[in-house]
Amino acid sequence: MRKLLVTSLLLAAAAALAVAATATGARTAPAAKAAIPGCAPDSLNLVEDGVLTIGADNPAFPPWFGGAEKTKPWKVSDPYSGKGYESAVAYAIASQLGFTKSQVKWTVVPFNNSFRPGDKPFDFYVTQVSFSPERAKAVDFSMSYYFVNQAVVGRKGTPIAKVRSIGGLKKYKLGAQVGTTSYQYINRWIRPSSKPLVYDTNDAAVQALKNGQIDGIVVDLPTAFYVTAVQVDDGVIVGKLPTKGTKERFGLVLEKGNSLRRCVNRAIARLWANGTIKKLQNTYLAKAGAPDLK
Amino acid sequence: MTARGSSESRAVAIAVVSTFVVLAAIVVVVTQSPGWDEFKAYFLNWGYYSDSFEEIARAFLVNVKIFLVVEAIVLVTALLMAILRSLPGPVFFPIRALAVVYVDFFRGVPTILVILMLGQGIPALQLSWLPTDQIFWASVALVLVYTAYVSEVYRAGIESVHPSQEAAARSLGLTRTQALRHVVVPQAVRRVIPPLLNDFIGLQKDTALVSVLGIVEVLRQTQIDQAATFNGTYYLVAATLFVLITIPLARFTDWLVARDRRRQQAGRLA
């Protein structure tokens with residue numbers, strides 16, 4: 001179904017592109033890459049004219065954001081690097097909409113501020129926000145740029161590392177970041193016998209894991225790879241949690257009713273269709289597999 | 001009598017009218033604001049309010065347990081600290097100095113930092129004989145901070161008892177400790193009950209800070225619900241719960257103050 005939609009959008013876009021090319025052929029447009037009809041940068045509803053302002057949370061963690069710390073105030077990684085999955089996808093969308101790299105501005109927005117009422121300081125927000133129908137009542141989501149699974153991280157040599165099923169996780173003390181679908185997964189599907197702990201940040205949860213205050217943390221799978229590779233020396237991915245209910249998917253957050261969504265969606269549809277998204281996933285997110293938890 | 005009655009009823013009328021005018025002005029300004037509809041949808045959603053009330057109230061029980069335990073401990077530790085700081089004579093100088101350092105430090109450092117330092121720091125020492133439980137360390141942090149606050153309240157009370165009271169007690173043959181125990185402290189405590197309860201209201205609200213250690217108490221539950229629906233009505237639920245518990249305490253304090261004043265005035269007349 002999605003594929004069909006993508007193809008038809010692509011065809012429509014190609015046809016319109018041909019028309020637009022003949023119409024503006026005489027002029028040398030600087031934003032010549034604006035290939036999506038009706039989506040030229042100057043026609044978009046933007047926070048700042050001629051600039052695509054993208055919100056993200058700080059610190060910007062791999063593998064979602066890459067590159068060394070360079071632009072202030074970004075920590076750990078730098079969204080301006082164009083490296084890391086979300087940074088790369090954001091720049092690919094910007095490029096589809098006809099923005100050059102220097103016309104993209106990143107602004108720090110804590111997750112909780114991404115959906116509060118009132119004018120938003122960004123055109124779209126990208127920091128692993130999962131779509132849910134409830135959330136979509138307060139903000140608009142773009143179409144998905146990533147389908148995600150949750151995973152459990154523990155420490156090598158502790159009993160939880162041997163667990164092979166969701167049922168086996170019940171007796172352990174688990175933690176997650178507040179507001180995440182990771183926490184919802186614990187509560188809805190794992191239902192542990194001791195109350196899960198819920199932290200302000202993933203870092204605080206990781207610290208509690210290192211301290212032995214909790215047995216395991218639940219994070220999305222790409223983050224689990226980062227946590228075990230960089231943050232916890234003896235960390236191990238206990239396993240990938242199976243999808244329950246509908247497939248969890250990340251979308252960009254936009255202000256409710258922003259007409260920009262239509263153009264962003266078209267750009268994402270193109271990136272799926274032309275293989276860019278798959279390619280970026282292979283570059284930044286493909287890692288050795290993790291065991292499946294039954 | 002009639003003149004007095006009419007001026008009283010006029011005062012009541014003025015109070016009613018001015019209250020009404022102020023309230024009406026606030027209502028008009030708020031409801032006519034450009035973002036009112038958005039505000040209403042985000043913060044005043046009755047469906048979310050009633051659906052989440054029970055769950056958030058259950059999380060609030062964690063706060064209630066923490067402050068009941070911490071209050072009971074602080075009542076004792078703060079009094080000890082105040083007495084240590086009031087010890088007379090050069091022999092006790094080191095103890096007084098340590099008490100001053102303690103109070104300065106824990107009054108000066110933000111409570112949230114003390115909670116983080118103890119709750120994350122001590123378990124990081126990996127000492128197996130120490131507990132790692134988050135609620136335990138959060139409670140210890142609150143005891144440390146509020147012992148500092150409340151000891152100052154006690155100390156003010158102790159210093160407000162006139163030295164002649166102790167002198168009189170000593171002249172009756174009581175030891176210094178006995179004088180403190182039977183004469184000074186009882187008077188001091190009675191005088192500081194209102195500010196004491198004031199600090200305890202502060203403590204009740206500060207229990208929300210323990211959420212930084214991952215404990216799912218009222219604030220964390222609120223954030224969880226808010227992030228699940230992207231709606232802020234849950235703040236209102238949490239605020240309701242805090243108000244429900246602090247208002248009776250505030251009225252109780254008012255009543256104590258009023259009773260105290262009545263007694264003092266009665267004493268003066270007699």
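Treat the numbers as computed from the prediction; the structure is a model and nothing was measured. Just so we're on the same page: letters track the sequence lines, and every chain starts at 1.
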request  = Under 4.5 Å heavy-atom distance to chain B, tell me which part of A/Lys210 shows up: side chain, backbone, both or neither.
outcome  = backbone
task = Look at the side chain of B/Trp137 and the backbone N and O of B/Pro131, then say whether any donor-acceptor pair between them is shorter than 3.5 Å.
result = yes
message = Under 3.5 Å, is there a donor on one side chain and an acceptor on the other for B/Thr132 and A/Gln213?
response = no
message = Need one label for B/Leu213: side chain, backbone, both or neither, based on atoms under 4.5 Å from any heavy atom in chain A.
response = backbone
Side chain, backbone, both or neither of B/Asp225 within contact of chain A (heavy atoms, under 4.5 Å) = neither
inquiry  = Closer than 3.5 angstrom, by distance alone: can the side chain of A/Glu69 be matched with the main-chain N or O of A/Val76 as a donor-acceptor pair?
reply    = yes
ask   = Taking B/Asn231 for the side chain and B/Ala41 for the main chain, is one N or O donor matched with an acceptor at less than 3.5 Å?
value = yes
Top contributor to chain A interface from B/Gln134, B/Glu38, B/Gln226, B/Gln126 [non-hydrogen pairs under 4.5 Å] = B/Gln134
request  = Could you look at A/Gln207 and say if it's the side chain, the backbone, both or neither that has a heavy atom under 4.5 Å from chain B?
outcome  = side chain
Which portion of A/Lys173 sits near chain B, non-hydrogen atoms under 4.5 angstrom = side chain
ask   = For the candidates A/Val129, A/Asp119, A/Val198, which exhibits the highest count of non-hydrogen atom pairs separated by less than 4.5 Å from chain B?
value = A/Val198
ask   = Relative to chain B, which segment of A/Pro133 carries a heavy atom at a distance below 4.5 Å: side chain, backbone, both, or neither?
value = neither
ask   = If you measure from the Lys or Arg side-chain nitrogens to the Asp or Glu carboxylate oxygens, is any gap between A/Lys156 and A/Asp234 under 4.0 Å?
value = no
key: Residues B/Asn45 and B/Thr233: side-chain donor-acceptor under 3.5 angstrom   = no
